[in-house]
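Following: one structure in structure tokens, then a few remarks.
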Protein chains: 2
Amino acid sequence: MDTGPKIAQVAALVGDPARANMLSALMDGRTLTATELAYLSGVAPQTASGHLAKLSDAGLLALERRGRRRYFRLASPLVARMLEALMVVAQEGPAQQRNLWRGGETLRHARTCYDHMAGRIAVAIADRLVQQSFVLLDEDGGQLTDAGRSFFDALGVDLCLASRRRVFCRACLDWSERRPHLAGAVGAAILRHALEHDWVEHIRDSRALLVTPAGVRELATTFGIEAAPPTDACKGPVASLSRRRAAVIPV
Amino acid sequence: MDTGPKIAQVAALVGDPARANMLSALMDGRTLTATELAYLSGVAPQTASGHLAKLSDAGLLALERRGRRRYFRLASPLVARMLEALMVVAQEGPAQQRNLWRGGETLRHARTCYDHMAGRIAVAIADRLVQQSFVLLDEDGGQLTDAGRSFFDALGVDLCLASRRRVFCRACLDWSERRPHLAGAVGAAILRHALEHDWVEHIRDSRALLVTPAGVRELATTFGIEAAPPTDACKGPVASLSRRRAAVIPV
DNA sequence: CGAACACTTCGGCGAAGATCGTAGTGTTTC
DNA sequence: GAAACACTACGATCTTCGCCGAAGTGTTCG
């Protein structure tokens, strides 16, 4: 029993475009139904059913039966980490594609990435925190400094670390900005705080985040970030996911 | 340009058993020739050539022409991280396979994992360091405590952090032991130190490590670890990699 | 109870791609 | 210069697997 064939098995599952789209759609931690995932991945429900069965059998997805529909979500944060790692390599990939992501301005601006924030805003926040020596960051990990801890305490961000002394964060390469943003315990705490204080809110069914007017103010005063949303915000956030069937997801 | 199809492209590359074997073989940072990789992955040289071309084009492998042979290695630590993440999910996978890895006692005992140590020894070291509060560790990262820093200083381990203040380490799930061992800057420093002081040495062409008598002594006094090598050590360390062609790799 | 709905199973079609034999290019060795 | 070697390019074969139409199970709603 070597490791090669085993990782091949998992990788092959992710290697199909339809399944990869499903997993991408679930990357923000939401739970979606089989039908929704079928539309999002651009295949017929029968096809999607087969894909979802494979992903569940392999332990990549967890499923919950509720009434006549089945809700799927990523089986664990480890799966999200794996997808993230794949994304990084896919982005770096051949040196050719130096261009950033076009279209979906809303997504580029602010979105969720499993349990933390991503996009321009998130990268800007990370930059600021590093610049002020509130966090130390590199590819192998990161940590909150004492100054940073005080900063977040003063801000009222609940780091959920009463019982656990260590204050970890880690870098997560932003696929639209190609720069690191904050993930891990600290990243999750920031997103939680932002949602609870209405700095940002989820847009429809997408992973995009809308920065509220209050959020713009707060982000400016707290982090010195210009967080005004792009002009074309709120336009078909999930449309980019469906390949063939451009139908609007019925919810 | 969505992320789904892009990660699918990369995942599909890893999704073929032959290519997965090649990448696994390169996981320890070695550079191997096309012929060696062909044998290790169990396919004919022509087939391997095609696979290697694809992996190189996609930016997963870096190749260096020297004379009439081409040496391949992982293009970056990011690729190793990706494979590691895949391995974790592949191991966790379906709850059924609760059994540990059988065979290859030498590999299970001690081996390299890209730039750090893995196997029973590495897990034991990590356990010990955590137990003594020299490092803090969880899935999101890790960090060296002040006490830990003093410990390594006293030990003479060069953490290579003169210019960089942060002292990062991270957990890497050991695929044979299913428990975390140390990776990141600290993990790499430990392996470097162990090699420089002849605690361990590379076995032939495999990623397995042989713990020297001196190493057994030092590991016992330093970490309180019983590091005596298994009795069947040094037997065909790479044989487990070749599937069909069991020929010995000509070097 | 029957209709609408969410999802799954089955079966055949079709395309993608992994494989290796043969043949070819460039490099080293004698 | 010829032979051995490492690797690559091409072509034919063959298996695999994604795909959807049609039909079937279980659930909800009127």
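Proteins get letters first, then strands, A, B, ... in listed order; numbering begins at 1 in each.
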**Report entry** Interatomic distance where CG belongs to B/Asp16 and P belongs to C/dA16 [whole Å]
**Finding:** 17 Å

Query - Closest-nucleotide ordering on DNA chain D, the 5'-leading residue of A/Arg68 and A/Ala12 - result: A/Ala12

Report task. To the nearest Å, give me how far apart CD (A/Glu36) and P (C/dC5) are. Result -> 16 Å

Report task. Look at B/His51 and C/dT19 and indicate whether a side-chain polar atom (N or O) is within less than 4.0 Å of OP1 or OP2. Result -> yes

Query - Residues B/Arg81, A/Glu84: salt bridge by 4.0 Å N-O rule - result: no

Query raised in the report: Are any of B/Lys54's side-chain N or O atoms less than 4.0 Å away from OP1 or OP2 of C/dA18?
Result: yes

Query raised in the report: Sub-3.5 Å donor-acceptor pair from the side chain of B/Asp174 to the main-chain atoms of B/Arg179, do we have one?
Result: no

Report task. Quick one: label A/Arg66 by what it contacts on the DNA or RNA (base, sugar-phosphate, nothing), any heavy atom closer than 4.0 Å. Result -> nothing

Query - Atom-pair distance (OH on B/Tyr71; C1' on C/dT27), nearest Å - result: 13 Å

Report task. Give the rounded distance in Å between these two atoms: CG of A/Asn21 and P of D/dG18. Result -> 14 Å

Query - A/Ser56 side chain vs A/Leu52 backbone, donor-acceptor pair below 3.5 Å - result: yes

Requested in this report: Under 4.0 Å between any heavy atoms, over every strand shown, what does B/Arg19 touch: base, sugar-phosphate, or nothing? Just pick one.
Outcome: sugar-phosphate

Query raised in the report: Going through the distances and angles, do B/Tyr114 and B/Leu74 end up as a side-chain contact (heavy atoms from CB on, under 4.5 Å)?
Result: CA-CA 10 Å; B/Tyr114 202 65; B/Leu74 297 189; 4.0 Å; yes

Which atoms of nucleotides 8-11 of chain C (N or O only) lie under 3.5 Å from a protein N or O atom, and what are those distances?
residue : atom : partner : partner atom : Å
C/dT8   : OP2  : A/Ser49 : OG           : 2.6
C/dT8   : O5'  : A/Ser49 : OG           : 3.0

**Report entry** Plane angle bin for A/His116 and A/His181 - parallel if under 30°, tilted between 30 and 60°, otherwise perpendicular
**Finding:** tilted

Query raised in the report: Nearest-Å distance, CZ (A/Arg65) to C1' (D/dG26)?
Result: 11 Å

Requested in this report: Return the set of residues passing side-chain hydrogen bond (donor to acceptor under 3.5 Å, both in side chains) with B/Arg19 (not counting sequence neighbours), or none when no residue passes.
Outcome: B/His51

